[in-house]
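Computation of the quantities below employed the complete heavy-atom set of this structure, encompassing side-chain atoms and omitting hydrogens, waters and symmetry-equivalent molecules. So you know, we letter chains A, B, ... as the sequences are listed, proteins then strands, and number each from 1.
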2 protein chains.
Amino acid sequence: MTEIQRPGALYQQVAAAIRAAILSGEFAPDSLLPSEAQLMARYSVSRPTVRNAIAALRAEGLIDVRHGKGSFVRSSGQPTLTLERRISRTTDSKFVMPNGDAWQEAEEPSTYRTRTTKATGRLLGLAEEEAVFGCDRLLIDAATGARAMHRTLIPFEVAEAVPVLADEPCQPPVAIYRVLTQDGHKLWWSETVRARMPLPDERTTLQLPDATPILHVARVAHGADDRPLTLEELRIGADRAELAYRITADKQPARRART
Amino acid sequence: MTEIQRPGALYQQVAAAIRAAILSGEFAPDSLLPSEAQLMARYSVSRPTVRNAIAALRAEGLIDVRHGKGSFVRSSGQPTLTLERRISRTTDSKFVMPNGDAWQEAEEPSTYRTRTTKATGRLLGLAEEEAVFGCDRLLIDAATGARAMHRTLIPFEVAEAVPVLADEPCQPPVAIYRVLTQDGHKLWWSETVRARMPLPDERTTLQLPDATPILHVARVAHGADDRPLTLEELRIGADRAELAYRITADKQPARRART
DNA sequence: TGACGTCACTTGTCCTTACGAGTTACGACT
DNA sequence: AGTCGTAACTCGTAAGGACAAGTGACGTCA
């Protein structure tokens with residue numbers, strides 16, 4: 001089991017041996033791996049080689065290393081927080097989101113004026129550098145402790161058409177949906193999901209472990225004429241959260257794929 | 001601009017300086033960074049320190065390094081392949097998926113018998129180690145060259161109820177939908193989206209660059225009594241693909257969040 | 001008994017040196 | 001003119017040493 005294979009660089013052989021030992025169950029989840037010194041002796045390699053192998057396994061998200069303690073097999077921990085991306089209406093015409101009341105706001109949401117980037121502008125049907133209201137929230141799931149960054153963007157043009165929004169643009173999403181509906185819009189939403197590695201500031205505010213990507217969800221609320229009204233961005237560590245959608249077949253034949 | 005900040009380890013200061021230079025635009029996307037030797041001179045540090053800083057930036061997905069050539073600023077490349085996760089029915093009762101005909105199959109799909117894992121069993125409403133049909137496909141997008149791994153799992157019980165499936169279980173998803181519908185099922189689908197770092201074999205078959213997570217989508221087709229019928233898994237590099245969903249408000253009030 | 005200091009262990013950082021391997025361009029030889 | 005080898009660059013791998021910093025246990029001292 002501790003044998004070293006032929007192919008590739010030495011540190012890759014060491015990494016492959018440790019990886020195989022982990023996947024085979026020889027090293028159980030949450031258990032302590034041999035120390036660097038022990039691995040040096042076990043495979044007869046130098047410390048840089050061992051550290052290089054360990055760095056590779058960290059980048060794969062297989063192990064966690066704690067200064068002064070050692071390397072631990074990461075518990076792949078399937079069960080996570082499932083975010084149901086549905087929106088419902090109650091009988092008294094309020095909007096409700098399945099996970100809505102499980103989140104706690106870590107601090108007062110901060111409102112500000114900002115401008116669209118190329119990406120956010122495209123989603124809102126605006127050019128770059130258009131003025132919008134922004135509202136940032138840091139959400140914490142009460143049960144799991146999972147953290148999420150939430151941002152709402154509202155174009156000035158949309159807010160000005162709805163006095164309640166222009167007056168207080170930083171409201172919870174479901175409240176904004178209600179206001180827009182009362183303004184005569186029949187809402188539907190489009191979401192795009194992306195995954196990427198976090199920037200350093202996202203890594204710290206979301207308290208992410210090594211090699212943990214984030215899910216980046218952009219939800220656009222569409223109203224009359226299918227015009228984009230608001231944009232919500234949700235960023236959450238992919239180690240603890242998954243997204244859930246419901247799909248039903250629509251009747252129109254799909255248009256031809258890109259020409 | 002080449003100044004080194006105070007906080008943290010030397011290599012982190014170097015990494016922060018380079019990162020700031022990239023984000024400020026001093027180093028444009030796709031441009032060549034200074035070589036390791038030049039960075040050693042610029043910051044008066046040793047080569048391991050420079051390499052450690054570069055390794056940190058690689059893990060963040062900010063740069064790509066090519067052996068013998070140098071380090072390049074990764075073009076953050078927003079525009080990607082958008083996978084519309086919708087399902088439509090044509091007038092002649094076929095099912096169509098928006099991106100369906102843009103994919104090419106890299107090789108013959110392989111059918112086999114396998115068993116559910118804990119995760120796939122849960123999604124199919126089965127226990128662990130239940131026998132199922134499996135069908136793997138490697139898909140390549142004709143336009144962008146993006147690669148995706150696709151797998152369909154069909155429980156024996158479901159296939160046996162539909163002779164066409166038991167006879168030839170490895171059919172395209174839309175064909176399976178049609179067969180199930182002709183068998184009397186009124187279909188709807190649930191999808192769960194996760195992101196994680198790829199395993200080594202996924203890294204190679206999907207040809208992923210460094211620090212690139214994968215999107216892992218599991219789609220379950222539900223039929224009569226909302227019983228799970230089939231499971232499709234799609235794995236694709238998050239550097240080139242994004243998922244798109246459409247949401248409409250449903251009427252039922254959402255149940256209380258977990259107690 | 002309690003508090004605290006020390007020590008032995010862990011990983012983190014940083015340096016020096018050496019050579020292997022991929023890339024490119026230049027120049028000499030045919 | 002064309003071909004090919006070499007040289008000079010790049011990053012990759014590997015070894016050695018030294019010290020800093022976090023952790024936990026043990027033992028001493030009050």
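- Remark: B:Phe133 pairs with B:Phe156 by the ring pair (Phe, Tyr, Trp, His ring centres under 6.0 Å) rule, at least two apart or across chains.
- The ring pair (Phe, Tyr, Trp, His ring centres under 6.0 Å) check on A:Phe27 picks up nothing, with sequence neighbours excluded.
- For A:Thr212, the side-chain contact (heavy atoms from CB on, under 4.5 Å) partners are A:Arg74, A:Leu208, A:Pro209, A:Asp239, not counting sequence neighbours.
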Residues 49-59 of chain A side chain polar contacts: donor-acceptor under 3.5 Å, at least two apart:
from, atom 1, to, atom 2, distance (Å)
A:Thr49, OG1, A:Ser46, OG, 3.3
A:Arg51, NH1, A:Glu36, OE2, 2.7
A:Arg58, NE, A:Asp210, OD2, 3.1
A:Arg58, NH2, A:Asp210, OD2, 2.6

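- Qualifying side-chain contact (heavy atoms from CB on, under 4.5 Å) partners for B:Glu128, counting only residues two or more places apart in sequence or in other chains: B:Lys118.
- The side-chain contact (heavy atoms from CB on, under 4.5 Å) search around A:Leu32 returns A:Phe72, not counting sequence neighbours.
- Nucleotides of DNA chain C lying under 4.0 Å from heavy atoms of chain B occupy a range whose first and last members, 5' to 3', are C:dT13 to C:dT24.
- The side-chain contact (heavy atoms from CB on, under 4.5 Å) test applied to B:Ala41 returns no partner, not counting sequence neighbours.
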* When every nucleotide of nucleotides 7-14 of chain D is labelled 5' to 3' by its protein contacts under 4.0 Å (heavy atoms), B for base, S for sugar-phosphate only, - for none, what sequence of letters results? -> ---BBBBS
